[in-house]
Amino acid sequence: MKLIYTDSLIIGAGLAGLRVAIATKERGLDTLVLSLIPAKRSHSAAAQGGMQASLGNTVKGMGDNEDIHFQDTVKGSDWGCDQDVARMFAHCAPKAIRELTNWGVPWSRISAGPRDVIMNAKKVTLHEAEEAHGLINARDFGGTKKWRTCYTADGTGHSLLYAVDNQAISMGIPVHERIEALSLIHDGKRCHGVIARCLVTGELRAYVAKSTTIATGGYGKIYEISTNATICEGIGQALALETGVATLGNMEAVQFHPTAIVPAGILTTEGCRGDGGILRDKDGHRFMPDYEPEKKELASRDVVSRRMTEHIRKGKGDDSPYGPHLWLDITILGREHIETNLREVKEICEYFLGIDPCKEWIPVRPTQHYSMGGVRTNATGESPQLKGLFSVGEAACWDMHGFNRLGGNSVAETVVGGMIIGKYVADFCEQNALEIDTALTQKFLDKLQNEIDNLVDGKGTENPFEIKKEMQRIMMNYVGIFRNGPELDKAIAELKALLLRAKNLGLKCKKRHSNPELVEALRVTRMLKVALTVACGAAARTESRGAHSREDYPQRNDKDWLNRTLATWPNDESLEPVLHYEKLDVMKMELPPGYRGYGNDNNIAHPDTEKRTQEINKITAELGDAPDRHTLQQALMPYTLPSHLQPANERLSDTLAVIPSQPVGNKSL
Ligand SMILES: Cc1cc2nc3c(=O)[nH]c(=O)nc-3n(C[C@H](O)[C@H](O)[C@H](O)COP(=O)(O)OP(=O)(O)OC[C@H]3O[C@@H](n4cnc5c(N)ncnc54)[C@H](O)[C@@H]3O)c2cc1C
């Protein structure tokens with residue numbers, strides 16, 4: 001058995017994994033990262049639009065602060081998030097931006113004076129303050145009150161990942177590439193590392209560690225059409241699920257992005273709409289204001305995706321050989337803007353559609369995009385069930401996103417989560433010894449070896465590629481944007497049948513090294529289990545919340561469903577997960593459940609909502625006329641952060657004599 005030891009083991013070399021690696025390495029801990037692919041090709045590189053942080057530099061962001069970012073995040077989550085975590089996040093996002101700047105991220109900057117932008121399909125001139133000249137710019141994104149999405153044109157993820165990976169390289173953090181973690185070594189209480197397989201040689205290795213962090217990204221590829229990279233197959237979630245002990249949180253919370261191109265499913269960033277692009281139907285009509293008069297194209301993603309689907313169902317989609325779609329019109333932004341701020345979008349349109357988006361509309365439709373669900377952790381990023389197991393980034397359910405994550409909050413979560421959770425991982429490594437149980441490790445290695453032997457030498461007849469395709473079709477058809485009981489039951493029955501069939505997988509290619517068919521066979525069973533947690537969670541949740549929309553239960557039901565779904569898979573032989581629920585306590589919420597400000601307003605109230613609202617009013621009144629916002633926040637919902645991250649964030653508005661919240665000369669042309 002090949003054994004490799006380290007203090008801090010991280011599975012995944014995307015933004016989240018690398019940021020945790022930096023945090024543990026800078027504490028002097030031996031740190032090792034595993035990745036399917038070279039770090040710089042991780043899916044984080046695909047993020048186009050930007051990263052949310054309440055810097056408040058630009059005139060449309062003036063007056064922004066952690067409170068407003070927190071409120072946008074909670075409303076966006078449809079009250080499904082953990083508000084403590086949303087607070088930790090909102091407070092640290094500006095710090096993460098500044099740290100990334102130090103590491104060389106070339107953020108787009110503000111030029112003082114007038115600038116023309118498109119708002120509500122009209123050209124508007126904004127006037128940026130002299131004092132803001134050269135500071136980090138922000139765009140309208142994610143349905144937020146203030147413009148706070150910082151960006152580097154439309155290549156934000158790319159520049160972030162390069163900067164963070166270069167930082168990791170300069171610190172000497174090793175990344176073992178083309179290595180796939182396939183099971184966790186654990187004794188039911190403590191995690192001791194992973195069994196991983198080299199995708200090139202086929203060798204199995206045991207990586208034994210004090211702490212193990214799952215940072216493997218989302219599970220989008222359980223769906224047929226997704227904006228996700230092909231490696232986003234949910235194996236990280238399966239690692240936790242297959243322990244039978246660790247839980248997955250809110251797996252049914254899957255986000256569909258409104259504007260992926262048809263048919264490839266490649267994303268055109270929300271920055272297109274943030275910068276002023278609009279959606280049109282087959283008649284060229286701008287339909288979003290009919291449904292969402294206030295936020296229009298910039299309502300939250302779950303809402304825009306649903307409105308688009310509703311409009312297509314009314315026969316207003318344009319037909320194509322790939323089904324009906326709508327149009328994204330960015331021609332109104334002008335060539336100069338597109339070639340400066342949306343150049344990746346332009347290239348995607350040219351290469352994959354053969355069109356020039358400066359002149360032609362882009363065919364788009366809602367497509368699977370983001371996994372709000374993942375490995376359930378507490379606020380320190382640790383699994384409540386398995387000591388020493390941490391998770392971060394899209395792989396995790398740290399839970400600042402609830403049932404809908406805001407555009408720009410995800411790359412922010414990777415680096416902020418990495419920064420905060422990395423500190424707790426380092427603490428864990430310092431406080432716990434490396435425990436090497438060779439018998440336990442051998443047991444997990446033998447189990448995986450046995451699985452591989454059966455696939456290569458067995459007489460199975462089922463084709464892993466076909467089973468995967470079937471699963472993706474089922475998820476797309478029955479567990480998509482609009483869901484209902486009968487279709488979800490059908491999905492579960494069909495997925496279970498596939499899982500049974502997957503017990504009889506057979507390979508045509510018998511190689512044990514460099515064998516994509518073997519890789520597929522090892523993954524498909526795990527993906528099916530992940531898909532079943534999504535479908536079963538969706539079937540059980542008889543309400544509509546955020547991206548989980550039940551046609552047969554259209555109301556958000558705070559009375560019965562203000563909780564988080566937890567899924568485990570305790571019995572290896574079983575064909576479905578066991579679901580448990582974790583209640584959200586309204587009496588501890590800083591922002592009790594209410595209307596989001598967009599979408600439908602037809603909620604069933606929680607009995608504590610009124611009580612908590614009165615309590616909040618009382619606490620606020622006791623603090624006097626105009627309480628300092630930090631004092632008020634602490635009185636309402638105290639939360640914990642590592643001490644070095646606690647200091648207040650400085651903003652331009654702290655030093656400006658007059659805050660230009662209503663920019664002088666801001667007029668429609
Ligand atoms: C097209 C697109 C555009 C986006 N744009 C934005 C945006 O503008 N703003 C925003 O906030 N968010 C955006 N997002 C979301 C955001 O990019 C992701 O949520 C985030 O980058 C995920 O980072 P991560 O570090 O968690 O995972 P990833 O970057 O996906 O990294 C996962 C890592 O895990 C490794 N891995 C996976 N499984 C295994 C295994 N079994 N063994 C070993 N290694 C493994 C992979 O090799 C990879 O290194 C976008 C998403 C998409 C799809």
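Heads up: numbering here begins at 1 and tracks the sequence. Read the numbers this way: they start at 1 and go in the same order the structure lists the ligands and their atoms. What you are looking at is a predicted structure, and each value in this text was computed from that prediction instead of being measured.
Considering backbone and side-chain atoms together, G236 places no N or O closer than 3.5 Å to any N or O of ligand 1. Considering backbone and side-chain atoms together, A46 places no N or O closer than 3.5 Å to any N or O of ligand 1. On a distance-only criterion, S35 and ligand 1 share at least one N/O pair closer than 3.5 Å. For ligand 1, the polar-atom distance check finds no N/O of H369 at less than 3.5 Å from any of the ligand's N/O atoms. Some N or O of G49 is nearer than 3.5 Å to an N or O of ligand 1, by distance alone. Looking at I231 next to ligand 1, no N or O pair under 3.5 Å apart turns up. By the 3.5 Å distance cut-off applied to N or O atoms, A16 is counted among the residues near ligand 1.
Contact annotation for I179 and ligand 1: only backbone heavy atoms (N, CA, C, O) come within less than 4.0 Å of the ligand. Here R405 has side-chain heavy atoms under 4.0 Å from ligand 1, and that is the only part of it that gets that close. Neither the backbone nor the side chain of T269 has any atom closer than 4.0 Å to an atom of ligand 1 (non-hydrogen atoms only). The proximity of T227 to ligand 1, defined as any non-hydrogen pair under 4.0 Å, involves the side chain as well as the backbone. The backbone and the side chain of E394 each have at least one atom closer than 4.0 Å to an atom of ligand 1 (non-hydrogen atoms only). If you look at L36 next to ligand 1, the close heavy atoms, those under 4.0 Å, come from the backbone and the side chain alike. Contacts of A215 with ligand 1, taken as heavy-atom pairs under 4.0 Å, involve the backbone alone. Looking at T414 against ligand 1, only its side chain comes within 4.0 Å, counting heavy atoms.
Scanning the protein heavy atoms around atom 3 (C) of ligand 1, the nearest turns out to be L267 CD2, 3.3 Å.
The shell of residues lying under 4.0 angstrom from ligand 1, judged by heavy atoms, excludes M51. Residue contacts with ligand 1 do not include G157, since none of its heavy atoms lies under 4.0 Å from the ligand.
In terms of heavy atoms, T268 sits closest to I362 at CG2-CG2, 4.4 Å. Contact record, V534 with Y219: CG2-CE1, 3.7 Å, taken as the closest heavy-atom pair.
Closest heavy-atom approach to atom 9 (N) of ligand 1 among the candidates G50, G234, S410: G50. Of the candidates N228, T216, T268, the one placing a heavy atom closest to atom 32 (C) of ligand 1 is T216.
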- [ ] Apply the test side chain to side chain donor-acceptor pair (under 3.5 Å) to residues S108 and N341: give CA-CA distance (whole Å), side-chain angles for both, the deciding distance (0.1 Å), then the verdict.
- [x] CA-CA 9 Å; S108 296; N341 290 306; 4.9 Å; no
Task: Criterion ring pair (Phe, Tyr, Trp, His ring centres under 6.0 Å) on H91 and F70, from CA distance to verdict - done: CA-CA 9 Å; H91 184 77; F70 165 79; over 10 Å; no
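Remark: the T31 side chain and the T24 side chain contain an N/O donor-acceptor pair separated by less than 3.5 Å.
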